[in-house]
2 protein chains.
Amino acid sequence: MNTPKPGMPVRGSKTGQPIMALLDLLGRSWAMGIVWHLYQGPSTFRELQDYCESISPTTLNTRLGELKKCHLVERSLAGYVLTEYGRELYELLEPMGSWARHRWAKSFEEKGSKK
Amino acid sequence: MNTPKPGMPVRGSKTGQPIMALLDLLGRSWAMGIVWHLYQGPSTFRELQDYCESISPTTLNTRLGELKKCHLVERSLAGYVLTEYGRELYELLEPMGSWARHRWAKSFEEKGSKK
DNA sequence: TCATTTGCTACATTTTTGATAGCAAAACTA
DNA sequence: TAGTTTTGCTATCAAAAATGTAGCAAATGA
């Protein structure tokens, strides 16, 4: 699975539009979860493993590799950390948290949930 | 693969926090791409297939099913459309588009790209 | 009525992910 | 400084998810 980057064809989009590369990258298992978690502060490999309860070390490692190649994550003395780009991305993701809690979750509470 | 919903344990998070359910849902192949595309207007199944160049009808169908169960997409006479929730979500996703284009893509242009 | 189009299922193959074991290097500890 | 932990990560195999292709039944159009 090759790392999606802007300007390169990615899963399902040959145009290489940056947003498509980003959606491909973030659409892989745990990618957003890792970014989400790292915003709290640096984490070691094992801490990330614990956080992502069911991730395998293989997947965690490839995902970290992709995020590094895409300049969202890097290593520091304290462990893995978000880069500046990573933090910016988190800040774009962040509003989804409150929306999910305050708006989206409500839509499941209506009585007689269809389907 | 069961549909992630707020309040239910999802891939790697037993707490059922809405954001975790959302990240699980959106982290599946093509989920964000479908939302992204549908914001342009209603699409038929075949149009979505064309848009997501390499998606298989099987996957498209399950993904649409999940998005419907989660109140982001519904069917209309004109085809599949975003619900109000779906449009709200798109609007949260939208800033990622310009960030990817104007900020993130730049990070790949530096001379001597490492790695 | 006959040909298209549409939404979707079936099924075999490939790709991705998970689970588990475990190793080499670094960091403690006694 | 020898022994124990911890840490980052690889290897391997099984399970799950996605793809590719064919094709069918219902709706639409000519």
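This structure is a prediction, so every number in the text was calculated from the model and none was measured. Order of the sequence lines sets the chain letters (A, B, ...), proteins ahead of strands, with each chain counted from 1.
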Next on the checklist: Are Val73(A) and Phe45(A) connected into the same hydrophobic cluster when the rule is that any two of I, L, V, M, F, W, Y join if their side-chain heavy atoms are below 4.5 Å apart?
Outcome noted: yes

Checklist entry - Hey, is Arg87(A) close enough to Glu84(A) for a salt bridge, meaning N to O under 4.0 Å? => result no

Checklist entry - Angle class for the Phe108(B)/His71(A) ring planes (parallel below 30°, perpendicular above 60°, tilted otherwise)? => result tilted

Checklist outcome for this item: Rounded to the nearest 0.5 angstrom, the CD1-CG distance for Ile19(B) and Leu93(A) is 6.5 Å

Checklist entry - Hey, are Glu66(A) and Arg63(A) close enough for a salt bridge, meaning a charged N less than 4.0 Å from a carboxylate O? => result yes

Show me the protein contacts with nucleotides 28-30 of chain D, counting only N or O atoms at under 3.5 Å.
none

Checklist outcome for this item: Across all chains, not counting sequence neighbours, the salt bridge (charged side-chain N to carboxylate O under 4.0 Å, His left out) partners of Arg101(B) are none

Checklist entry - Going by an N to O cut-off under 4.0 Å, is there a salt bridge joining Asp50(B) and Arg46(B)? => result no

Checklist entry - So, does Trp104(B) use its side chain to make a donor-acceptor pair with the main chain of Cys70(A) at under 3.5 Å? => result yes

Item to check | Which residues share a salt bridge (charged side-chain N to carboxylate O under 4.0 Å, His left out) with Glu47(A), sequence neighbours left out | outcome: none

Checklist entry - How does protein contact run along nucleotides 6-19 of chain C, one letter per nucleotide 5' to 3', with B for base contact, S for sugar-phosphate only, - for none, heavy atoms under 4.0 Å? => result BBBBBB----SSBB

Checklist outcome for this item: Taken in chain and number order and not counting sequence neighbours, the residues that satisfy ring pair (Phe, Tyr, Trp, His ring centres under 6.0 Å) with Tyr39(A) are Tyr90(A)

Checklist entry - Bend across the helix from dT1(C)-dA30(D) to dA30(C)-dT1(D), to 10°, with axes taken over 5 pairs at each end? => result 30°

